[in-house]
Amino acid sequence: MTTSQDTRNMANAIRALAMDAVQKANSGHPGMPMGMAEIAVALWSNHLRHNPADPRWADRDRFVVSNGHGSMLHYALLHLAGYDLPMEELKNFRQLHSKTPGHPEVDITPGIETTTGPLGQGIANAVGMALAEWLLAARFNKPGFDIVDHYTYVFLGDGCLMEGISHEVCSLAGTLGLSKLIVLYDDNGISIDGEVEGWFKDNTPKRFEAYGWNVIPSVDGHDVAAIDAAITQAKGSNKPTLICCKTVIGKGAPNMQGTDKVHGAALGDTEIAATRAAIGWTSPPFEIPADVYAAWDAKAKGKDLQSAWSKTFADYRQQFPADAAEFERRMKGELPVGFDKTVAAMIAACVEKKETIATRKASQNAIQALSAVLPEFLGGSADLTGSNLTNWKECVAVRAGQPGNHINYGVREFGMSAIMNGIALHGGFIPFGATFLTFSDYSRNALRMAALMKQRSLFVFTHDSIGLGEDGPTHQSVEHVSSLRLIPQLDNWRPCDTVESAVAWAEAVKRHDGPSTLIFSRQNLPFVERDSGQIAAISRGAYVLRDAPNAKALIIATGSEIELALKSAEQLAAEGVPVRVVSMPCADVFARQDAEYQASVLPKAMPRVAVEAGVTDFWFKYVGLEGKVIGIDTFGESAPAGALFKYFGFTTDRVVAAVRSVLH
C-alpha cells in the first residue's frame with residue numbers, strides 16, 4: 001500500500017488532467033473523474049493485473065468504465081500507467097482523429113476494452129467478459145496451470161443503474177454466480193438534471209442482494225485504504241460483488257463539487273485555479289511531477305506479471321500441446337483448419353436433401369454442422385430456444401457452477417445482445433443469440449455497438465415477417481429488416497432456403513470485422529435448384545438465381561418472397577415476357593462488391609421490380625423511382641400466413657402486373 005501522501009498526489013493527478021483536458025476542449029465531463037480518483041488509485045495500484053506494453057495480453061484483468069462520459073479518468077489512468085498514450089493525445093481530448101475520443105472506443109485507444117457511453121451497456125459487456133473468463137477457464141485450465149485467471153472490474157454510476165439493461169444483465173450475473181466480476185459504484189447522487197433522489201430512490205444494495213450478489217455498502221469513495229480493503233474482500237466471495245462507494249462528484253472543486261454544475265461542462269479558469277489551490281496542486285496544465293509518474297508507472301510490474309504467466313503457459317504448452325494450440329487459435333479469433341471443408345460438406349448435404357423446411361430449421365441444421373468444428377460456438381436464446389432453434393444435439397446448458405456452451409438468457413433481449421458483445425470482446429468464443437425479429441427493437445442499440453466496435457457477434461432473428469401468422473401485428477416484422485440495413489457495418493442475411501441459410505451462417509462466422517444478423521422464417525420454404533456457380537455467388541450477397549435469354553426485366557427478392565418471384569417469372573415466361581430473378585440475401589455484402597459484378601447482376605438498363613414482405617422505401621435504391629416495389633407499408637393482421645400473404649397482395653398476379661407496368 002502506498003503512503004497517504006502518495007495516494008493523494010496520484011488521485012490529484014487524475015483531477016488535474018481531467019479538468020485541464022475538458023477545459024482545453026471546452027467539452028466533456030470532469031465531475032466523474034474527479035470524484036472517482038481515489039477509487040481508481042486503489043484498483044490500479046493494488047489490484048489490476050495488466051501490462052501497459054501489451055494491452056492485449058490474454059490473461060490481463062478487464063477494466064470497463066461503464067459510465068463512459070467520464071472518459072478522461074480512463075485516459076489519465078492509461079497515460080499515467082505507461083500505455084502508449086502520450087500527453088499530446090490528452091491535450092487533443094475530443095478532437096478529430098485523436099486517440100482520446102469523447103467516450104472510450106475499443107481499438108482507438110490502447111488499453112480500452114470496450115466502447116462505452118450508452119449507459120448500462122458497459123456493465124453488460126463486462127458480464128459477457130466475466131462469463132467468457134469462467135467458461136474459458138473451465139475448458140483450458142489444468143491442475144497447477146491456471147492459464148485463464150483474471151477479474152473483470154467495472155466503474156459505473158447512477159445512470160447505468162437507472163437503465164433497464166443493468167437489471168437484465170446483473171440479474172443473470174447473480175444467477176450464474178460470476179464471482180470474478182467486481183463492480184465499483186460511484187454513488188454521488190448527481191446526474192445531469194441534478195440530485196437524483198427526485199427520480200431515483202432505489203435501495204441499490206438491497207436490489208443487488210436480491211440478484212444474488214455480494215454487496216459491500218457504504219464505502220468511503222475517497223479513502224484509498226477502505227476501497228482497497230473492499231476489493232480484497234470482494235475477491236474472497238463466490239458471487240459477483242457490488243462495492244458501493246460514497247463519493248462527491250467533482251471532488252476538489254471548492255465551489256462546484258457535489259453539484260450538477262461539475263457533471264458535464266468545463267469548470268472554467270477561475271474554478272480550476274481555485275481547485276488547484278484547494279488540493280495543493282502546483283503543476284501547470286498537462287504537467288505531472290516525476291515522483292507522481294513514478295508512483296503510477298505500471299510497466300515494470302506489468303512486465304513481471306506477464307512474464308510469469310508466459311512461463312506458466314510455456315510449461316502448459318509442453319504438457320498439453322494440443323490444448324495450448326487450441327487456446328491460442330481461439331484467442332486470436334482464427335477459424336480451425338477444417339472449417340472450409342465442413343462448410344462445403346454442409347452445403348453439399350443441403351443440395352442433396354433438397355428439403356422444404358423453415359429457414360429457422362435450416363439455421364439449426366447449419367449450427368449442428370458447424371458446431372462439430374467450432375468448439376468456440378457459444379449459443380443462446382432469449383427464452384425462445386424451442387422457436388429460434390439455436391440449440392444443437394450436443395450443446396450443454398450453462399448453469400451456476402456448471403459450464404456449457406448454450407445460454408438461456410431469459411426474456412432479456414437487450415441484455416443478451418450486449419453480453420454477447422462482451423463475450424466477443426473478451427475473445428475465445430463466437431457468440432450467437434436469438435429472439436424473434438420484431439424484438440430486435442429491444443436489442444437495437446447493442447447491435448449498433450457491435451457494428452461500431454466491429455465485433456463478431458451473430459444475432460439470430462426468426463419469425464421474420466407476416467409469415468409467422470396468427471400472432472398478429474405485435475409479432476409480425478414489417479420495418480425491421482430495412483431498419484437493420486440502416487446500421488453501418490452490420491451485415492443482414494435473409495436467406496430463402498437451406499442452401500442460402502448454410503452460406504449465410506458460414507459467411508457470418510468467417511467475417512472478422514463486424515457483426516451479422518441471420519434472419520429466418522417460421523414457415524416452410526421450398527428448396528431452390530442452383531448450379532455450382534450460383535452457389536458460389538451466394539456469398540457475394542446477390543446473384544442471378546434464374547435468367548432468361550434477352551430478359552426484358554428483373555425481379556429482386558429475398559427470403560420467403562423468392563418463391564413468389566420464381567413463380568411470377570414462370571408465368572411471365574409463359575406469356576412471352578422473359579424475366580431475370582435475382583436473389584439478394586444480403587444487400588450489405590452486395591454493396592461491397594465491385595462495380596463490374598454489381599452490373600452483371602443488375603444491368604442498368606433493365607427495368608426492375610423488388611418483392612419483400614416489409615416496408616418499401618429501402619428497395620427504391622435498387623429499382624429506381626421508375627421501378628416498382630411489392631411490399632407492406634402498414635402493420636400486419638392476425639390470420640394464417642397464407643391468408644395474410646394473399647390479403648397483402650403477395651400474389652403472382654400482382655407481381656406480374658408490376659413487371660408489365662415497368663415495361664411500358
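Note that these values count all heavy atoms, side chains included, but never hydrogens, waters or copies made by symmetry.
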Quiz item: How far does OG1 of Thr232 sit from CG of Asp228, to the nearest 0.5 angstrom?
Solution: 4.5 Å
Quiz item: Could you walk me through whether Gln364 and Asn388 pass the side chain to side chain donor-acceptor pair (under 3.5 Å) check?
Solution: CA-CA 8 Å; Gln364 186 178 45; Asn388 300 145; over 6 Å; no
Self-check item: salt bridge (Lys or Arg N to Asp or Glu O under 4.0 Å) partners of Glu328, counting only residues at least two apart
Solution: Arg317
Quiz item: Applying side chain to side chain donor-acceptor pair (under 3.5 Å), which residue pairs with at least one partner in residues 401-411 are found, sequence neighbours left out?
Solution: Arg399-Asn408
Quiz item: Below 4.5 Å, heavy atoms only, C-beta onward: do Pro336 and Leu374 meet side chain to side chain?
Solution: yes
Quiz item: Should we say atom NZ of Lys303 is surrounded by more than 12 heavy atoms from elsewhere, each under 6.0 Å from it?
Solution: no
Self-check item: Donor-acceptor under 3.5 Å (Ser171 side chain, Glu168 main chain)
Solution: no
Practice problem: Return the minimal non-hydrogen interatomic distance between Trp296 and Ala13, and the atom names on each side. | Solution: NE1-CB, 4.4 Å
Quiz prompt | Sidechain-backbone polar pair: Thr152 side chain, Arg62 backbone, donor-acceptor under 3.5 Å | solution = no
Quiz item: Do Asn9 and Gln5 have side-chain atoms, one donor and one acceptor, less than 3.5 Å apart?
Solution: yes
Self-check item: Between Tyr316 and Phe140, ring centroids under 6.0 Å
Solution: no
Quiz item: Which atom pair, heavy atoms only, marks the closest approach of Ile182 to Tyr151?
Solution: CD1-CD2, 3.8 Å
Quiz item: Any Lys/Arg nitrogen of Asp54 or Arg60 sitting under 4.0 Å from an Asp/Glu carboxylate oxygen of the other?
Solution: no
Quiz item: How would you list, by chain and number, every residue that makes a side chain to side chain donor-acceptor pair (under 3.5 Å) with Thr390, sequence neighbours excluded?
Solution: none
Quiz item: Closest heavy-atom contact between Val41 and Ala11?
Solution: CG2-N, 3.7 Å
Quiz item: Which residue pairs satisfy the side chain to side chain donor-acceptor pair (under 3.5 Å) criterion with at least one member in residues 189-204, sequence neighbours excluded?
Solution: none
Practice problem: Return the set of residues passing ring-ring contact (aromatic ring centres under 6.0 Å, His included) with His167 (not counting sequence neighbours), or none when no residue passes. | Solution: Tyr211
Quiz item: For the atom pair CG (Asp220) and CD1 (Ile39), what is the distance rounded to the nearest 0.5 Å?
Solution: 9.5 Å
Quiz item: Which heavy atom in Thr116 sits nearest to a heavy atom in Ser66, and how many Å separate them?
Solution: CB-O, 4.1 Å
Quiz item: According to the side chain to side chain donor-acceptor pair (under 3.5 Å) rule, which pairs have a member within residues 421-448, sequence neighbours left out?
Solution: Gln121-Asn445, His150-His426, Ser417-Ser443, Asn421-Ser457, Asp441-His480, Arg444-Ser483
Practice problem: Could you tell me whether the side chain of Trp392 reaches within less than 4.5 Å of the side chain of Leu370, counting heavy atoms only? | Solution: no
Practice problem: Please find out if less than 6.0 Å separates the ring center of Phe155 from that of His74. | Solution: no
Self-check item: Short N-O contact, Asp61 and Lys180, less than 4.0 angstrom
Solution: no
Self-check item: Approximate separation, where rounding is to 0.5 Å, of Ser310 OG and Asp315 CG
Solution: 11.0 Å
Self-check item: Electrostatic pair Glu38:Arg15 at N-O distance under 4.0 angstrom
Solution: yes
Self-check item: Nearest non-hydrogen partners of Leu78 and Gly111, listed with the distance
Solution: CD2-CA, 3.9 Å
Self-check item: Short N-O contact, Arg8 and Asp6, less than 4.0 angstrom
Solution: no
Exercise. Over all heavy atoms of both residues, which pair between Val215 and Cys244 is shortest? Give the atoms and the distance, please.
Key: CG1-SG, 4.3 Å
Quiz prompt | Residue Lys206 excluded, over 12 heavy atoms near NZ under 6.0 Å | solution = no
Self-check item: Asp223/Lys246 under salt bridge (Lys or Arg N to Asp or Glu O under 4.0 Å): CA gap, chis, key distance, verdict
Solution: CA-CA 10 Å; Asp223 183 336; Lys246 296 295 294 185; over 6 Å; no
Practice problem: Please determine, by modelled atom types, if Thr247 and Asp186 share a side-chain donor-acceptor pair under 3.5 angstrom. | Solution: yes
